Q: 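The structure's right below; bear with me while I get my questions together.
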Amino acid sequence: MKNILVTGGLGYIGSHTVLELIARGYEVFVIDNLSNSHIDTLDRIEKISGKRPAFFEFDLCDKDRVDKFFSQNQIDSVIHFAASKAVGESMQVPLKYYRNNLLPLMNILEAMIAYNVDRIVFSSSCTVYGQPDKLPVDEKAPVQKAESPYGNTKQISEEMIADTVRASESMKAISLRYFNPIGAHESALIGELPIGTPNCLVPYVTQTAIGVREQLTIHGDDYDTPDGTCIRDYLHIVDLAEAHINAIEYMHDGGNKDRIGYFNLGTGRGYSVQEVVDEFEKVTEQKLNYKIGPRREGDVEEVYADPSLAEKELKWKAKRGLGEMLKSAWEWEKNYRKN
Ligand code: UFG
């Protein structure tokens, strides 16, 4: 069970997961096409862990290449991260998202069947719930019509995996529905580094504080929340990474009897955008230049997880608090800009 393929293993969540896998003694194989990641992350992983994962640079849309990889490497389980993830861009170029997010999964599932690899962890998102009727949201909440092609690809991927599991006698799968991962590894050597202007809140905050961006805009303060700004469930990237190893081990130990599982990964606690900004200023002692702007299209008002199923089944619980998350993001930003 020791050989794990991590697709998108040089990306933000992928690289932190690779480190956790190495720390727990797994052999890691990374496939990444570097479309939204950096090759020097491989050196940084080696620097932190003392081990360099086997690295394969190619595009998972290439079916022949995927088959060749599986024919040449003995893989026990797959953790599939590789995907495009900018919600706004997915509205403008939807077919890029359908191609990049669905074709690789199809190629991987077909190769898994052909080469008898029967465990996969899929990187899904709380976006599948839209604006839930009930908070905190648990896994029984209905999947709502996606607001964006990006969100739709997550829903279709979950269905594609479920259908494949159903049709197979041995395949097992877990979809992890992430809330809002932020922060960075404690070494400050890897972290979130979006190419171009960040969409997500925390990289925008840290880049503003360091002077790469002039000003943060808070997207709307007229929501029906205590301070008027949107509420999300932010969780530390290292906590999130750890959950993937728990999921692999859970499947290996015969945990998911139905052979298909869905788990929310969050802290269970929501924070508003304003609270995130205030906490950032407090823990880093930085003054942040920000203004209130209009609402951002497609944002849900408030969402936070009921993570109790992951705690019960996967024995996983987010441990790190908001201050620690923001401090680690800031340390990473400072360290990165120093070079
Ligand atoms: N926000 C701002 N200003 C910014 C950026 C964000 O006020 O410059 C606000 C947003 O309006 C939102 C909150 O901060 O209220 C969090 O926004 P993010 O963009 O960080 O994250 P989202 O909750 O929008 O998450 C979305 C999708 C996820 C997806 C994620 C990363 O719902 O499925 O983006 O791509 F994974």
Side-chain angles (χ1 to χ4, degrees), residues 1-11 13-33 45 51-83 100-124 153-154 156-177 241-263 313-314:
M1 68 168 289
K2 285 285 166 189
N3 289 359
I4 314 288
L5 166 61
V6 182
T7 73
L10 298 188
I13 308 178
S15 58
H16 287 82
T17 303
V18 167
L19 277 179
E20 287 306 314
L21 285 164
I22 294 173
R24 292 218 218 166
Y26 288 92
E27 283 301 321
V28 182
F29 298 70
V30 169
I31 300 176
D32 198 303
N33 68 356
I45 289 170
K51 217 165 161 194
R52 194 174 184 85
F55 177 61
F56 303 82
E57 182 186 339
F58 67 88
D59 193 323
L60 291 157
C61 289
D62 182 344
K63 182 165 169 44
D64 291 342
R65 194 64 193 78
V66 174
D67 281 341
K68 188 169 157 215
F69 171 84
F70 277 90
S71 74
Q72 293 178 340
N73 298 282
Q74 166 65 45
I75 298 298
D76 300 307
S77 302
V78 176
I79 305 180
H80 180 49
F81 292 110
N100 281 354
N101 294 4
L102 300 181
L103 211 47
L105 178 60
M106 240 182 270
N107 290 341
I108 287 166
L109 290 171
E110 283 182 337
M112 287 175 68
I113 293 166
Y115 293 94
N116 298 316
V117 179
D118 55 16
R119 286 183 294 268
I120 181 166
V121 177
F122 175 64
S123 163
S124 190
T153 65
K154 291 294 175 192
I156 297 170
S157 297
E158 284 195 353
E159 287 175 4
M160 206 193 287
I161 292 168
D163 288 341
T164 307
V165 167
R166 245 177 255 126
S168 135
E169 277 171 16
S170 56
M171 195 178 283
K172 295 178 172 184
I174 285 183
S175 283
L176 297 176
R177 293 173 173 168
E242 286 167 359
H244 294 77
I245 293 87
N246 291 30
I248 293 274
E249 294 180 353
Y250 177 76
M251 285 192 279
H252 181 260
D253 298 340
N256 59 339
K257 303 263 182 299
D258 304 338
R259 295 193 287 118
I260 180 100
Y262 303 89
F263 294 97
E313 296 289 326
L314 302 182

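Predicted model only: the values in this text are computed from it and were never measured. Values below: all heavy atoms of this structure, side chains included; hydrogens, waters and symmetry mates excluded.
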Q: Determine the minimum heavy-atom distance between A241 and E20, stating which atoms define it.
A: CB-CG, 3.8 Å
Q: Counting C-beta onward and ignoring hydrogens, is there a side-chain heavy-atom pair between E242 and R24 closer than 4.5 Å?
A: yes
Q: If you apply the rule side chain to side chain contact (heavy atoms under 4.5 Å, CB included), what do you find for V121 with S77, and how did you get there?
A: CA-CA 8 Å; V121 177; S77 302; over 6 Å; no
Q: Taking all heavy atoms of S124 and all of E158, pick out the closest pair and write down the distance.
A: OG-OE2, 2.7 Å
Q: Judged by atom type as modelled, is there a donor-acceptor pair below 3.5 Å linking the side chain of D258 to the main-chain atoms of I260?
A: no
Q: Does some side-chain heavy atom of Y115 sit less than 4.5 Å from a side-chain heavy atom of I75?
A: no
Q: Mind checking whether R177 and K154 have side chains closer than 4.5 Å, heavy atoms only?
A: no
Q: Once rounded to the nearest 0.5 Å, what's the spacing between atom CE of M112 and atom CZ of R119?
A: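 Result: 9.0 Å between the selected atoms.
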Q: Compare all side-chain heavy atoms of I45 with those of P53 and state whether any distance is below 4.5 angstrom.
A: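 Touching, per the 4.5 Å side-chain cut-off.
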Q: Starting at CG of N107, measure out to CG of D67 and round the result to the nearest 0.5 Å.
A: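 Output value for this atom pair is 7.5 Å.
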Q: Start with the C-alpha gap between V117 and I108, add the side-chain angles, then the distance that decides, and say whether side chain to side chain contact (heavy atoms under 4.5 Å, CB included) holds.
A: CA-CA 10 Å; V117 179; I108 287 166; over 6 Å; no
Q: Can you name the closest pair of heavy atoms from V66 and A111 and give their distance?
A: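 It is CG1-CB, 4.0 Å.
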Q: Just verifying a value: how many Å separate L60 CG and N100 CG, rounded to the nearest 0.5 Å?
A: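 Result: 10.0 Å between the selected atoms.
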Q: State whether K51 and E27 are salt-bridged, where the test is any N-O pair (Lys NZ or Arg NE/NH1/NH2 against Asp/Glu carboxylate O) under 4.0 Å.
A: yes
Q: Should the pair F263 and Y250 be assigned to parallel (<30°), tilted (30 to 60°) or perpendicular (>60°) ring geometry?
A: perpendicular
Q: To the nearest 0.5 Å, how far apart are OH in Y26 and CD1 in I245?
A: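 Output value for this atom pair is 7.5 Å.
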Q: How long is the straight-line distance from CE of M171 back to CG of N116, given to the nearest 0.5 Å?
A: 9.5 Å
Q: Hey, is CD on E169 packed in by over 12 heavy atoms from elsewhere, all under 6.0 Å?
A: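 Incorrect, the count does not exceed 12.
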Q: Where do G9 and V30 come nearest, in terms of heavy atoms and distance?
A: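 Heavy atoms of G9 and V30 come nearest at CA-CG1, 3.7 Å.
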Q: In terms of ring plane angle, is the pair F81 and H244 parallel, tilted or perpendicular, where the classes change at 30° and 60°?
A: tilted
Q: Show the nearest heavy-atom pair for residues G8 and A82, with the distance to one decimal.
A: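 Shortest heavy-atom contact: N-CB, 3.7 Å.
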Q: Would you say the side-chain atoms of N3 pair up with the backbone N or O of D76, donor to acceptor, closer than 3.5 Å?
A: no
Q: For the residue pair L314 and I174, establish whether any side-chain heavy-atom pair is separated by less than 4.5 Å.
A: yes
Q: OG1/T7 to CG/L10 distance, rounded to the nearest 0.5 angstrom?
A: 11.0 Å
Q: If you define the side chain from C-beta out and look only at heavy atoms, does anything of L21 sit under 4.5 Å from I79?
A: yes
Q: For the residue pair L105 and N101, establish whether any side-chain heavy-atom pair is separated by less than 4.5 Å.
A: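 L105 does not reach N101 side chain to side chain.
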Q: Closest approach of D32 and G11, non-hydrogen atoms and distance?
A: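 Of all heavy-atom pairs spanning D32 and G11, the closest is OD2-N, 3.7 Å.
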Q: For the residue pair L109 and I120, establish whether any side-chain heavy-atom pair is separated by less than 4.5 Å.
A: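 L109 reaches I120 side chain to side chain.
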